[in-house]
Amino acid sequence: MPRHLVTSALPYINGVKHLGNLVGSMLPADVYARYLRLRGEDVLFICATDEHGTPAELAALEEGLDVAEYCRRQHAVQKQLGEAFHLSWEHFGRSSSSQNKELTQHFARRLDAEGFIEERTIEQVYSVDDGRFLPDRYIIGTCPHCGYEAARGDQCENCTRLLDPTDLINPRSAVSGSTNLELRESRHLYFKQSLLAGEIRDWIDTQNDWPVLVTSIAYKWLDEGLMDRGITRDLSWGVPVDRPGYEDKVFYVWFDAPIEYIGSTKEWADLDPERRDWKSWWYDADDVTYTQFMAKDNVPFHTVSFPASIIGTRKPWKLVSYIKGFNWLNYYGGKFSTSRGVGVFMNDAIELLPADYWRYYLMANAPESDDSNFTWEGFATAINKDLADTFGNFVNRCLTFTRRSVGSSVPGGGIAGDAERELVTELEKRLRAYTDNLDAKQFRKATAELRALWAAGNAYWERAEPWKAVKADPEQAAVILRTGVNLVRFFSLLALPIIPETAGDVLSRIAPDVPARWPTDVAAELEALGPGAPFEVPEVLYRKITDDDIEAWRSRFGGEAEARATD
RNA sequence: GGCGGUGUAGCUCAGUUGGCAGAGCACGCGGCUCAUAAUCGCGGCGUCGCGGGUUCGAGUCCCGCCACCGCUACCA
């Protein structure tokens with residue numbers, strides 16, 4: 001059987017992720033994985049925290065924690081939040097794991113053996129008072145072009161000119177403010193990915209069905225000339241470099257992070273080695289379809305750098321089959337910002353409302369063709385009109401009416417007529433469209449189609465007028481009510497990938513014994529619950545969002561003014 | 001600066017290979033009353049960012065502009 005490997009870009013360890021991070025990688029990966037499982041596919045959904053690098057060290061410093069302890073805690077927080085959002089990964093690992101350490105060192109050795117690694121001595125800015133080398137962006141000073149006094153060493157935020165740290169006037173450490181900086185020489189391993197540029201281009205050339213967003217970013221890097229890159233750093237936190245003379249160095253985070261996709265898979269297998277085989281998913285895995293989900297900032301690493309690391313080993317490690325890239329989710333036209341407290345973070349969101357509310361909204365508004373905009377007004381509309389009124393109300397009106405009319409089990413009697421045949425025809429058409437969109441990873445369109453399916457149920461119910469039939473023609477009423485209860489099941493089943501909590505709740509109450517399988521035969525689905533099948537009526541599924549809620553949340557999380565203020 | 005994306009109804013967005021401009025929301029009218037004042041039906045001429053060009057015909061192809069957003073390799 002063909003197998004599906006699904007990975008989400010690894011969330012960085014530094015703090016709770018916001019809705020933009022969620023919608024750009026973890027959530028769509030989960031929706032897709034859930035969909036494939038319902039279709040009966042063999043799915044492995046892998047994610048992990050990306051824990052290395054200077055930002056993690058500095059965040060730990062700020063909290064007064066050892067970096068390993070900081071990462072341990074933050075990983076637990078992110079794992080717990082992911083589970084709260086019902087992210088159904090088979091494993092949520094850590095790039096600091098021993099498995100990733102071994103694999104990262106293995107990849108470096110392979111690349112070295114194939115002649116893709118060389119040593120180079122480079123000069124880097126060292127902050128004596130901080131006791132560390134500083135990445136470009138952690139050096140600030142006066143911009144030589146515009147005089148802006150807080151320009152970063154990589155780019156001046158004021159005039160947007162690209163800079164080199166040595167360009168800065170009065171350079172100082174962004175960490176401590178110390179001006180006691182010096183250039184120090186350091187020896188590093190470089191990955192000669194320039195030698196692989198042709199092979200990577202050939203490989204990209206064959207990806208005709210990838211989003212333009214993804215291939216255009218890949219070509220941009222290739223067109224500008226793929227440069228060799230350092231894969232080691234002078235830090236203590238990271239995967240140690242197993243090479244004489246490199247005892248005080250670690251692999252650079254860009255190199256070890258993507259390898260953690262494999263590392264995390266091995267972590268998963270090591271938890272149950274009798275039954276799980278990590279390697280068959282990654283090595284000589286021609287039967288595996290591998291789909292990656294990520295926001296656009298991560299695309300260069302997944303189209304160029306990581307493939308170079310894989311191809312360069314000259315061994316049959318698995319290359320990605322399809323990359324789904326996302327644009328940004330903005331907040332009232334501005335950026336989500338941790339430092340300014342603008343926007344909605346996963347911990348805030350889950351405290352306000354259950355996961356399904358967010359999942360539905362985010363999939364219905366996924367930034368697929370362009371950046372999209374989170375607003376509380378748009379959020380309220382999606383929840384109130386779609387979830388509460390169209391789906392929630394349909395479930396409620398069908399089940400409460402049936403219970404009151406004939407009791408808490410599916411009524412027998414009557415024969416399906418034209419109205420039901422018409423319904424089946426429309427549902428077949430829409431199910432095909434919904435399924436096609438999920439296959440194509442077009443989540444926005446898929447969600448719109450799911451909503452249209454729900455609306456078709458309401459339209460049928462209106463046309464059939466069961467409240468009249470109950471009085472005039474009990475046989476006819478039985479057909480309508482039976483169809484209605486089965487529609488509730490059918491719609492919940494289809495909604496499982498997007499809103500697993502509420503849809504699963506409905507299914508457990510009306511069809512606990514019917515296995516949840518992706519439907520193919522609509523007519524058969526509408527008879528899945530036969531005469532006598534008992535059901536429970538769930539509580540009202542979704543509460544509506546009021547104008548007071550909107551006002552309160554807008555002021556709490558920052559509104560238009562704050563989001564735009566510093567852009 | 002370079003590269004990329006986007007620009008279509010009040011709002012959010014669809015528009016496959018060029019062939020009479022679409023959906024949801026909002027708004028208006030009507031129906032229904034089982035349901036979370038829910039739902040169902042009907043109603044859309046909008047300089048398709050601007051200016052040229054190709055074509056019998058351009059939202060769609062070509063050229064040139066403008067605006068907004070993103071990326072630009074030591075943040076990951």
Side-chain angles (χ1 to χ4, degrees), chain A residues 9-14 50-56 58 95 122 124-125 133-139 152-155 160-162 164-165 188 193 211-217 219-221 223-230 233 252-254 257-258 295-301 304-305 327-328 330 333 335 364-365 368-373 375 377-378 380-382 384-390 392-405 442 444-445 448 451-452 455 457-470 480-481 484 539-544 567:
Chain A
L10 308 187
Y12 195 63
I13 193 68
N14 184 8
D50 173 10
E51 304 193 356
H52 296 138
T54 307
L58 294 178
S95 68
I122 59 168
Q124 283 187 295
V125 176
F133 284 93
L134 294 174
D136 289 1
R137 66 178 323 193
Y138 287 103
I139 303 154
R152 296 194 324 208
D154 54 346
Q155 183 172 27
T160 75
R161 301 276 288 263
L162 296 180
D164 191 89
H188 285 290
Q193 40 178 22
V212 177
L213 174 70
V214 170
T215 49
S216 65
I217 289 173
Y219 282 128
K220 175 192 164 279
W221 279 54
D223 289 346
E224 289 178 359
L226 201 51
M227 291 186 239
D228 301 337
R229 290 188 79 172
R233 298 279 86 180
Y252 189 24
V253 57
W254 77 260
K296 57 188 171 186
D297 58 330
N298 256 315
V299 169
F301 297 96
V304 178
S305 311
N327 288 285
W328 301 119
N330 289 322
K335 290 179 193 169
N365 295 280
E368 291 179 310
S369 59
D370 193 4
D371 293 354
S372 74
N373 219 348
T375 65
E377 293 79 2
T381 298
N384 294 344
K385 297 302 298 180
D386 296 356
L387 272 190
D389 292 349
T390 307
N393 182 55
F394 182 76
V395 171
N396 194 239
R397 75 194 294 202
C398 283
L399 298 183
T400 55
F401 184 73
T402 302
R403 180 175 61 186
R404 179 155 6 93
S405 303
Q442 293 285 347
R444 201 171 181 132
K445 289 178 181 174
R451 187 199 169 285
N458 277 306
Y460 163 76
W461 193 254
E462 289 281 334
R463 280 199 308 273
E465 299 184 304
W467 48 92
K468 288 183 182 170
V470 158
I480 302 167
L481 300 184
E539 293 299 301
V540 163
L541 292 179
Y542 310 101
R543 85 163 180 89
K544 296 215 195 179
D567 286 337

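This is a predicted model, so every value here is computed, not measured. Because only heavy atoms are used, hydrogens play no part in the values below, and waters and symmetry mates are left out as well, while side chains stay in. Every chain is numbered from 1 and lettered A, B, ... according to where its sequence line falls, protein lines coming before strand lines.
- Nucleic acid contact class of A/S372 (heavy atoms, under 4.0 Å, all strands): sugar-phosphate only.
- Of the candidate nucleotides B/C34, B/A76, B/U33, B/U33 has the atom nearest to the side chain of A/K468.
- Scanning both residues, A/E465 and A/E462, for their nearest heavy atoms gives CG-O, 3.1 Å.
- A/V253 comes within 4.0 angstrom of the backbone, heavy atoms only, and of no base.
- Counting all heavy atoms, side chain and backbone alike, A/L541 lies closest to A/G392 at CD1-CA, 4.1 Å.
- Side-chain proximity of A/W221 to the nucleotides B/U36, B/A73, B/C74 is greatest for B/A73.
- The two residues A/P466 and A/I480 make their nearest non-hydrogen contact at CB-CG2, 3.6 Å.
- Base engagement by A/G392 is indicated by at least one non-hydrogen atom pair under 4.0 Å involving a base atom.
- Between A/N327 and A/S372 there is no side-chain heavy-atom pair separated by less than 4.5 Å.
- A donor-acceptor pair under 3.5 Å links the side-chain atoms of A/W254 to the main chain of A/G230, judged by distance alone.
- Taking atom C1' in both B/C32 and B/U8, one finds a spacing of 36 Å when rounded to whole Å.
- Between B/A73, B/C13, B/C75, one nucleotide has an atom nearer to the side chain of A/R444 than all others, and that is B/C13.
- Atom CZ in A/R152 sits roughly 13 Å away from atom C1' in B/U72 (whole-Å rounding).
- Contact of the A/Y138 side chain with the A/P165 side chain is not registered, since no non-hydrogen atoms from C-beta on lie closer than 4.5 Å.
- Phosphate proximity of B/G5 to A/N327: absent, as no side-chain N or O sits under 4.0 Å from OP1 or OP2.
- Base contact: A/Q124 has a heavy atom under 4.0 Å from a base atom.
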Contact list (N/O, under 3.5 angstrom) for nucleotides 15-18 of chain B vs protein:
residue : atom : partner : partner atom : Å
B/G15   : OP1  : A/K445  : NZ           : 2.6

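- In the set B/A35, B/C40, B/G24, the nucleotide with an atom closest to the side chain of A/A455 is B/C40.
- A/L134 comes within 4.0 angstrom of nothing in the nucleic acid, heavy atoms only.
- Partner assigned to B/C29 is B/G41, using Watson-Crick or G-U wobble distances below 3.5 angstrom.
- Remark: the separation of the P atoms in B/C13 and B/G53 is 33 Å, to the nearest Å.
- The CZ-P distance, from A/F301 to B/A73, rounds to 10 Å in whole Å.
- Nearer the 5' end of RNA chain B, as judged by each residue's closest nucleotide, is the contact made by A/D386, out of A/R463 and A/D386.
- Residue-to-nucleotide contacts include no donor-acceptor pair under 3.5 Å from the side chain of A/E465 to the base of B/C34.
- When heavy atoms are screened at a 4.0 angstrom cut-off, A/W328 is found touching the sugar-phosphate backbone but no base atom.
- Across the protein-nucleic acid pair, A/D228 atom CG and B/C74 atom C1' stand 15 Å apart, rounded to whole Å.
- The P atoms of B/G5 and B/G52 are separated by 25 Å, rounded to the nearest whole Å.
- Side-chain atoms of A/N458 never come within 3.5 Å of backbone atoms of A/F394 as a donor-acceptor pair (strictly under, hydrogens ignored).
- With C1' as the reference atom, B/C62 and B/U55 are 12 Å apart, rounded to whole Å.
- A distance of about 14 Å separates the C1' atoms of B/G22 and B/C45, rounded to the whole Å.
- If you check B/C3, B/G24, B/G31 against the side chain of A/K220, the one that comes closest is B/C3.
- Nearest nucleotide to the side chain of A/N393, out of B/C34, B/U36, B/C75: B/U36.
- Within the shown strands, B/A23 is the pairing partner of B/U12 under the Watson-Crick or G-U definition, both distances less than 3.5 Å.
- Annotation: of the two residues near RNA chain B, A/V212 and A/H52, the 5′-most nearest-nucleotide partner is A/V212.
- Closest to the side chain of A/D371, from the set B/C69, B/U12, B/U72, is B/C69.
- Here the side chain of A/K544 is nearest to one of B/C25, B/C74, B/U36, namely B/U36.
- For A/R404 against B/C34, a side-chain-to-base donor-acceptor contact under 3.5 Å is absent.
- Applying the 3.5 Å distance criterion, the base of B/C34 shares a donor-acceptor pair with the side chain of A/E462.
- No donor-acceptor contact under 3.5 Å links the side chain of A/W467 to the base of B/C32.
- Counting non-hydrogen atoms under 4.0 angstrom, A/D297 reaches a base of the nucleic acid.
- To the nearest whole angstrom, the two P atoms, one in B/G51 and one in B/A67, are 16 Å apart.
- Using a 4.0 Å heavy-atom cutoff across all strands shown, A/L399 reaches no nucleic acid atom at all.
- Using a 4.0 Å heavy-atom cutoff across all strands shown, A/T54 reaches sugar-phosphate atoms only and no base atom.
- Considering every non-hydrogen atom in both A/K296 and A/D371, the closest pair reads NZ-OD1, 3.0 Å.
- Side-chain atoms of A/E51 never come within 3.5 Å of backbone atoms of A/Y12 as a donor-acceptor pair (strictly under, hydrogens ignored).
- Note that NZ of A/K385 and CG of A/N393 are 10.0 Å apart. Values are rounded to the nearest 0.5 Å.
- For A/R229, the listed nucleotide lying nearest its side chain is B/C74; candidates were B/U36, B/C74, B/C75.
- Among the atoms of the strands shown, only primed sugar atoms or phosphate atoms (P, OP1, OP2) are found under 4.0 Å from some heavy atom of A/A459.
- In this structure a side-chain-to-backbone donor-acceptor pair under 3.5 Å is missing from A/Y460 to A/G484.
- Within 4.0 Å of A/I122, counting heavy atoms only, lies at least one base atom of the nucleic acid.
- Put simply, A/F401 does not rest on the base of B/C34: the two rings are not both less than 5.5 Å apart at their centres and under 30° in tilt.
- Residue contacts shown for A/P466 are absent, as no nucleic acid heavy atom lies under 4.0 Å away.
- B/U12 and B/A26 have their P atoms separated by 15 Å, given to the nearest Å.
- Distance, A/Y252 OH to B/C75 C1': 7 Å, rounded to whole Å.
- Rounded to a whole Å, the CG atom of A/N365 is 11 Å from the P atom of B/U12.
- Note: NZ (A/K385) to C1' (B/C40) measures 12 Å, nearest angstrom.
- Rounded to whole Å, the separation between the P atoms of B/C68 and B/A73 comes to 23 Å.
- A/G457 comes within 4.0 angstrom of no nucleic acid atom, judged by non-hydrogen atoms across all strands.
- Look at CD on A/E224: it is 9 Å from C1' on B/A73, rounded to the nearest Å.
- Rounding to the nearest 0.5 Å places CZ of A/R451 at 10.5 Å from CG of A/L387.
- Residue A/D389 contributes atom CG, which lies 20 Å from atom P of B/U33 at whole-angstrom precision.
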